[in-house]
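Single-structure report; data block below.
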Amino acid sequence: MTERAKLLLVDDRPENLLALEALLEPLGQELVRAESGEEALRHLLRDEFAAILLDVQMPGLDGFQTAELIKRRERSRHIPILFLTAISKDAEHVFRGYGAGAVDYLMKPFDPHILRAKVAVFIDLWQKTVEIRRQDALLKQQELTAIERASEERYRFLGDSIPQQVWTALPDGALDYVNQRVLEYFGRSFEELIGWGWSDFVDETDLPTTIERWQTSLQTGEPYEVEFRLRRASDGVYRWHLARAVAMRSGDGDGEIVRWFGTNTDIEERRVAEDRQIFLAEAGWVLGSSLDYEQTLTDVARLAVPRIADWCTVDIFVGDRLERLALEHVDPLKVALARELQEPMLAASAAAGATAIRSHEPVLVREIDDAVLATFGFDETQLKIARTLAPRSYVTVPLIARGEVFGSISLITAESGRIYGNDDLTLAQGLARHAAAAIDNARLYGEAERRSRAARALDAVGDGVVLVDRAGVIRLWNAAAATITGLPETDVLGRKIEDVVHRWHEISALVPVASRPGEPVRAETVPVEFGGRELWISGSGVGFEEGVVYAFRDLTEERALEELKAEFVATVSHELRTPLAAIYGSAQTIRRTDIELDPEIKDQLLGVIASESDRLGTIVNDLLIAGRLDADRLPLAIERCDPVELAGLVVEAAKTYVPETIELQLRVPKRTTHVIADSGQLRQVLLNLVDNAIKYSPEGGPVSVSVSNGDGLVRFSIADSGLGIPASEHRRIFEKFYRLDPDMTRGIGGTGLGLYICRELIRRMDGTISVESKLGEGSTFVVELPAAAEQKSPRKRKASAKTG
Ligand code: ADP
């Protein structure tokens with residue numbers, strides 16, 4: 001259907017316009033009237049006209065001026081103008097009309113046929129132009145569609161040819177296109193995946209984040225980027241993908257979102273590599289965090305699952321047997337099942353471990369099939385369990401440190417469907433290196449600890465312990481060894497023992513050495529010289545691969561005591577034999593019948609028997625007291641006693657037997673305080689001292705007993721001018737059995753117990769005993785005891801409660 005054309009009729013006179021309309025009506029087109037040039041221009045702004053019929057004479061803009069303006073405007077300059085005039089028929093006017101762009105110049109009155117015929121030509125022309133334009137537009141549209149189709153084809157081809165998964169989504173987020181890769185990966189039809197169907201194939205732990213990010217991008221228009229695991233149809237394995245999408249917008253790119261254009265890139269390799277690195281770093285950290293390697297290895301197994309394995313076991317050699325230290329499974333319910341397989345697996349691993357000892361090689365089994373399962377020697381039930389657990393791939397690496405295989409770590413895949421490759425093997429080896437180093441460290445530390453404890457213990461023992469290596473060099477010298485020998489560890493370590501111990505070759509020949517620890521040997525006592533000091537050392541040794549360990553103790557004092565005892569026996573025998581001989585001889589003489597004994601002599605002999613019996617009694621008494629003091633069983637009755645009275649009694653008693661050459665003196669103050677002591681025992685002490693003073697003054701001379709007090713003490717001094725005692729012996733004369741002249745070269749006998757008893761008794765009375773003496777210048781023994789506070793009641797106590 002042809003479009004109706006518009007004709008613009010311009011005339012300032014309505015009756016003219018009316019006439020024109022009537023004339024043109026039969027053409028069947030739309031007639032638009034304008035009563036001035038201005039109105040005509042306004043119509044031209046709004047509509048398109050096939051022709052303009054323009055009156056020349058008009059008030060305001062006349063026909064020529066109007067035509068000029070029309071021609072000046074781009075959109076209207078091609079419209080044919082037919083001038084209409086009643087008056088301007090002269091050539092000038094006609095010429096001006098054509099000059100203004102008229103296609104015709106019609107004079108009134110018009111011939112209706114001619115007018116219609118002329119106008120019809122222009123209408124026809126206009127309609128043809130319109131038709132051509134329409135055809136043109138149609139053609140363009142068709143071309144465009146064809147181009148679009150071609151470009152879509154191209155895009156589709158592009159989409160299908162690139163290795164990534166490509167998709168597009170509508171502004172609401174629903175997928176409306178996926179490429180061939182997507183279909184292949186998910187193993188689903190286009191219909192199943194578009195919209196939101198894809199979300200069924202995202203790992204469920206990753207899904208919430210994925211959806212959240214997608215929604216955020218849909219709302220903000222920001223690019224979408226997320227990493228998630230997508231299930232692959234071919235093997236059911238979830239692989240890591242990076243999804244990215246950007247919004248396509250209308251207009252120049254700042255309009256509304258028309259569509260999302262997205263890709264999913266498989267980043268499984270990268271993620272796995274990253275996970276491996278992170279895992280190794282964390283495992284290293286865990287292993288270094290504590291020396292309790294059993295705990296850290298268990299923690300590492302826990303760390304490995306599910307990151308790099310679906311189950312992980314750590315087995316450690318205890319002797320020849322492998323023991324399972326850790327077992328972790330991605331599915332806690334399957335741990336118990338996995339334990340069922342433990343024994344045969346350990347046995348197999350132990351065998352593999354044995355192989356590893358020889359080869360140090362790890363084992364990688366990419367695909368576990370029936371043949372592989374068979375190598376574990378499972379029984380029927382175990383085989384069923386193994387099939388339930390469905391292991392797919394495993395790697396076992398030995399834990400080796402300094403050439404020793406400690407055990408092994410195994411990584412096994414099942415649920416994840418992962419297949420181990422060389423990268424996983426490298427990872428497992430890295431892990432094993434960390435773990436073995438940790439075990440090694442822990443063991444070394446334990447060993448060092450044990451050694452340092454042993455060293456501390458060695459320093460605490462009272463026996464000297466010395467290690468001499470095979471080259472004869474001293475490697476250990478404990479604290480007791482230093483104390484006994486007087487040689488500090490720093491002076492002897494690293495030195496040859498023969499340079500440290502004088503005459504070592506002779507000594508070492510005497511000291512018995514066991515060939516192995518635990519073999520019984522008797523220690524030998526040998527004299528050894530250290531720094532000019534001779535010691536009696538009792539020692540023995542034990543040989544072992546590093547050398548010999550000697551243990552010894554100092555028996556010098558015991559040895560001295562032994563010697564003293566031997567001397568004592570000799571002395572006491574002599575001491576006892578002398579009075580006994582005198583008694584025996586006297587008694588025999590009295591019994592003789594062949595001679596008549598003078599009564600005076602008989603009396604003298606009886607006197608000898610009495611005094612020698614008394615001497616015997618004293619000796620026996622001394623022995624008894626010394627024995628009771630040693631056993632700490634001598635009760636004392638501590639009380640206030642009068643020192644002057646005591647001293648008097650002692651002097652009186654001594655007078656009965658003192659030789660004439662001795663002059664006994666008693667020096668006491670007029671007034672003195674009481675003394676706190678056991679009066680009986682104190683008397684015994686003073687008697688002993690007076691006895692000694694007399695005994696060791698063979699040339700005679702004065703022996704004085706004096707009493708004094710001051711500083712809360714009561715002091716008894718027994719002085720003689722006899723043999724005297726050299727200063728070096730002042731301390732030793734108070735020792736048990738010690739005698740200055742054991743061989744009695746001067747003929748003065750004794751047991752060596754008197755001063756020992758004195759010292760012990762005085763000490764038990766809270767007092768002291770001391771001596772001042774020089775050889776040949778006599779001696780003064782001083783006993784000091786606590787003075788009693790005036791008017792205080794006497795106190796009684798058992799001395800046995802207090803010793804030394
Ligand atoms: P003993 O039975 O030998 O007298 P003591 O223990 O009483 O034993 O004395 C020990 C030693 O001290 C004596 O052997 C003697 O050598 C010396 N001694 C003791 N008292 C005196 C003294 N007054 N003068 C010189 N030497 C003394």
Side-chain angles (χ1 to χ4, degrees), residues 560-561 563-579 612 614-630 647 650-651 653-654 657-659 661-665 681-706 716-763 768-783:
L561 205 62
E563 280 172 3
L564 272 180
K565 272 187 190 154
E567 277 170 21
F568 163 74
V569 172
T571 313
V572 168
S573 315
H574 179 268
E575 282 298 296
L576 291 174
R577 205 183 313 116
T578 316
E612 291 304 308
D614 189 53
R615 193 169 149 201
L616 270 180
T618 311
I619 294 169
V620 171
N621 196 41
D622 275 1
L623 287 169
L624 267 175
I625 293 181
R628 285 160 79 188
L629 280 170
D630 280 352
V650 168
V651 170
Y657 60 86
V658 70
T661 49
I662 299 287
E663 186 197 332
L664 261 181
Q665 299 168 351
Q681 303 295 359
L682 179 53
R683 204 165 68 98
Q684 188 60 49
V685 168
L686 297 176
L687 258 176
N688 251 338
L689 296 176
V690 172
D691 261 1
N692 278 352
I694 296 168
K695 201 162 69 172
Y696 296 105
S697 300
E699 311 287 312
V703 169
S704 69
V705 176
S706 33
F716 298 90
S717 304
I718 294 89
D720 64 63
S721 52
L723 297 174
I725 305 153
S728 61
E729 307 296 308
H730 285 187
R731 203 176 56 82
R732 302 207 67 191
I733 52 172
F734 293 99
E735 285 174 13
K736 201 157 67 172
F737 303 128
Y738 189 80
R739 306 198 71 239
L740 222 55
D741 178 21
D743 303 328
M744 290 191 298
T745 44
R746 288 174 180 276
I748 304 168
T751 56
L753 282 173
L755 286 180
Y756 168 71
I757 292 171
C758 289
R759 186 189 69 185
E760 291 304 304
L761 286 174
I762 294 300
R763 191 192 277 172
T768 57
I769 181 167
S770 57
V771 63
E772 279 172 30
S773 178
K774 269 192 193 156
L775 197 61
E777 292 183 17
S779 317
T780 303
F781 285 83
V782 178
V783 171

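Whatever order the structure lists ligands and atoms in, that order sets their numbers, starting from 1.
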Nearest non-hydrogen partners of [X] and [Y], listed with the distance:
X: Pro702; Y: Gln665; value: CB-NE2, 4.0 Å
X: Thr751; Y: Arg739; value: C-CD, 4.0 Å
X: Ile725; Y: Phe781; value: CD1-CZ, 3.8 Å
X: Tyr756; Y: Ala626; value: CE2-CB, 4.3 Å
X: Val705; Y: Ala647; value: CG1-CB, 4.1 Å

For [X], atoms of ligand 1 separated by under 4.0 Å from a heavy atom:
X: Tyr738; result: 10 (C), 11 (C)
X: Arg739; result: 1 (P), 3 (O), 14 (O)
X: Gly754; result: 5 (P), 6 (O), 7 (O)
X: Lys695; result: 1 (P), 2 (O), 4 (O)
X: Leu740; result: 14 (O), 16 (O)
X: Ser779; result: 22 (C), 24 (N), 25 (C)

### Gly752 N/O under 3.5 Å from ligand 1 N/O
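Among all N and O atoms of Gly752, at least one is under 3.5 Å from an N or O of ligand 1.
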
### Query
With only distance considered, is Asp720 within less than 3.5 Å of ligand 1 through an N or O on each side?
yes

Protein heavy atom at shortest distance from [atom]:
atom: atom 2 (O) of ligand 1; answer: Thr751 N, 2.9 Å
atom: atom 12 (O) of ligand 1; answer: Ile733 CG2, 3.4 Å
atom: atom 6 (O) of ligand 1; answer: Leu755 N, 2.8 Å
atom: atom 7 (O) of ligand 1; answer: Asn692 ND2, 2.9 Å
atom: atom 27 (C) of ligand 1; answer: Tyr696 CD1, 3.5 Å
atom: atom 26 (N) of ligand 1; answer: Ile725 CG1, 3.4 Å

### 4.0 Å heavy-atom contact, Phe781 with ligand 1
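A heavy atom of Phe781 does come that close to ligand 1.
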
### Message
Please determine whether any non-hydrogen atom of Gly722 lies less than 4.0 Å from an atom of ligand 1.
### Response
no

### Query
Can you name the one residue among Asn692, Leu689, Asp720, Leu723 that meets side chain to side chain contact (heavy atoms under 4.5 Å, CB included) with Ser779?
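Exactly one pass, corresponding to Asp720.
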
### His730 side chain reached by Ser773 side chain, heavy atoms, under 4.5 Å
yes

#### Entry: Close side-chain approach of Glu663 to Val703, heavy-atom, < 4.5 Å
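Not touching, per the 4.5 Å side-chain cut-off.
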
### Message
Using a strict threshold of under 4.0 Å (side-chain N to carboxylate O), is an ion pair present between Arg763 and Glu760?
### Response
yes

### Message
Distance check, rounded to the nearest 0.5 Å: Leu687 atom CG versus Ile718 atom CD1?
### Response
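Atom-to-atom, Leu687:CG and Ile718:CD1 are 10.0 Å apart.
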
